[in-house]
Amino acid sequence: MTIITRFAPSPTGQLHVGNLRTALLNWMAARRAGGRFLLRIDDTDAERSREGHVVAIRDDLAWLGMRPDAEVRQSDRFALYERRFRELAAAGHVYPAYETPEELDLKRKVQLGRGLPPVYDRAALKLSDADRARLEGEGLRPHWRFRMNHDGPIVWDDGVRGPQRFDPALMSDPVVRRADGSWLYLLPSVIDDIDMGITDVVRGEDHVTNTAAQLQMFAALGAAPPRFAHVALLTGAEGKLSKRLGSLGCDQFRLDGIEPMAILSLLARIGTSDPVRPFASAEALAEQFDLSHFGRAPARFDEAELAQLNARLIHQLDYAAVRHRLPDGMDAAAWQAIRPNLERVADAADWWRVIESAPAIGAVAETDRDFLRRAAKMAGEIDWSNAPWAALTAGLKAATERKGRALFLPLRLALTGREHGPDMAELLPLIGRDRAIARLAAAAG
Ligand code: GLU
């Protein structure tokens with residue numbers, strides 16, 4: 001059987017890290033099995049859905065390298081929902097109810113006051129045809145509830161949480177359609193999962209109760225449900241559900257110079273027993289994807305860990321993979337030299353400038369001037385074809401008895417304008433003989 005998964009975001013905002021993780025887990029589940037990964041835009045809420053968000057969702061997935069095999073939009077599928085809804089209504093699986101939100105609120109308060117669970121009392125099921133006609137005569141339009149089957153518990157073997165058991169009698173019959181005819185999330189999602197042949201759904205544990213209700217909807221529609229797996233939600237570094245994570249998405253990652261593979265490498269592994277490490281490709285991540293490694297403890301998403309992972313990833317990136325993002329003229333040797341110092345690929349441009357153009361240098365200590373003058377002279381005498389930094393520093397060490405910081409720092413400052421940076425042994429050949437001599441001489445004054 002072909003594995004078919006889907007990512008079903010509502011285009012009511014930017015995708016946040018939690019959404020990206022859900023997308024990734026479903027993408028990996030499909031890729032690993034040679035299956036299909038579908039994008040379903042859950043845009044039944046016309047008021048809150050925005051076309052701009054739909055475009056951003058596609059862009060984010062493309063940027064992260066998770067291209068869907070197909071895309072559907074719920075707003076294109078109302079005829080299908082209508083048809084299946086009618087079947088459910090004819091079979092008595094959905095029923096009209098007329099309570100106002102205020103009435104329902106009052107019922108709940110009374111139940112809670114009596115120490116009872118606030119479960120809908122199914123008063124609407126007791127209405128006669130005459131009652132309904134009267135209510136509609138008063139101008140009331142019904143909303144629709146799915147009638148939960150109370151014969152026995154709802155059970156499933158969750159891909160992450162293991163055996164699950166719910167008592168349907170403790171659940172309110174969920175509202176599936178509003179009085180204005182618009183759809184709530186639960187039912188169209190089930191209709192789509194059936195129609196699209198979805199075999200596996202991985203989603204956040206905030207959907208566990210929805211799954212209990214939806215399993216009954218699959219049964220009412222005469223379809224076998226997909227396998228469900230609910231992963232623990234993300235928390236911030238401090239272990240708490242964090243507001244920031246709800247607004248952290250690809251825009252911010254791009255701004256921060258975070259590589260797509262750093263995000264994917266982290267999101268694929270947090271909440272699992274596997275170590276977090278940089279992966280070079282999403283395919284390599286997918287190959288090692290195993291749902292059974294996910295635990296029930298909250299998954300910590302730590303931005304500092306992401307930044308570190310990003311740096312580790314960049315330090316391994318091949319020139320070929322980044323050359324189109326590097327300044328003109330920057331070659332493989334320069335990338336090799338600079339790479340270990342980068343936290344963001346974009347910062348390569350700063351170091352390239354350091355190599356290419358004379359850096360601004362601060363005041364040079366009087367005691368260093370003579371040293372730098374000698375350095376400039378020696379730079380003209382050494383063999384530049386073979387390890388010039390070793391030759392230069394060895395020569396200066398012998399001639400001046402300077403060593404360590406006193407030997408290296410004035411040279412680094414004069415040559416790069418900075419106290420720290422890439423290995424000078426790699427940088428100096430890139431700066432080259434003429435520029436090095438000029439910089440050392442200029443610093444000597
Ligand atoms: N649109 C729903 C959400 O974003 C989809 C949930 C699901 O995976 O079924 O929460």
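As the structure lists them, so they are numbered: ligands from 1, and atoms in each ligand from 1.
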*asked:* Considering non-hydrogen atoms of the protein only, which is the closest contact for atom 5 (C) of ligand 1, and what is the distance?
replied: Ala8 O, 3.2 Å
*Work out whether the distance between some heavy atom of Arg6 and some atom of ligand 1 is less than 4.0 Å.*
yes
_Residues Ser10 and Arg48: side-chain donor-acceptor under 3.5 angstrom_ = no
*For residues Phe85 and Trp144, establish whether the separation of their ring centroids is below 6.0 Å.*
yes
*asked:* So if I apply the side-chain contact (heavy atoms from CB on, under 4.5 Å) rule between Leu39 and each of Val54, Val72, Leu61, which one comes out positive?
replied: Leu61
*Would the Phe301 and His16 ring centres measure less than 6.0 Å apart?*
no
*Would you mind checking which non-hydrogen protein atom is closest to atom 10 (O) of ligand 1, with the distance to 0.1 Å?*
His207 NE2, 3.0 Å
*Min N/O separation Val201 to ligand 1 under 3.5 Å*: no
*For Ser189, take its heavy atoms, then give the atoms of ligand 1 lying under 4.0 Å from any of them.*
9 (O)
*Any idea which heavy atoms bring Ala262 and Leu309 closest together, and the distance?*
O-CD2, 3.4 Å
*Should you measure from each heavy atom of Asp42, which atoms of ligand 1 turn up under 4.0 Å away?*
1 (N), 2 (C), 5 (C)
*When you measure from atom 6 (C) of ligand 1 to every protein heavy atom, which one gives the shortest distance, and what is it?*
Tyr185 OH, 3.3 Å
_Glu238 with Arg300: basic N within carboxylate O range, under 4.0 Å_ = no
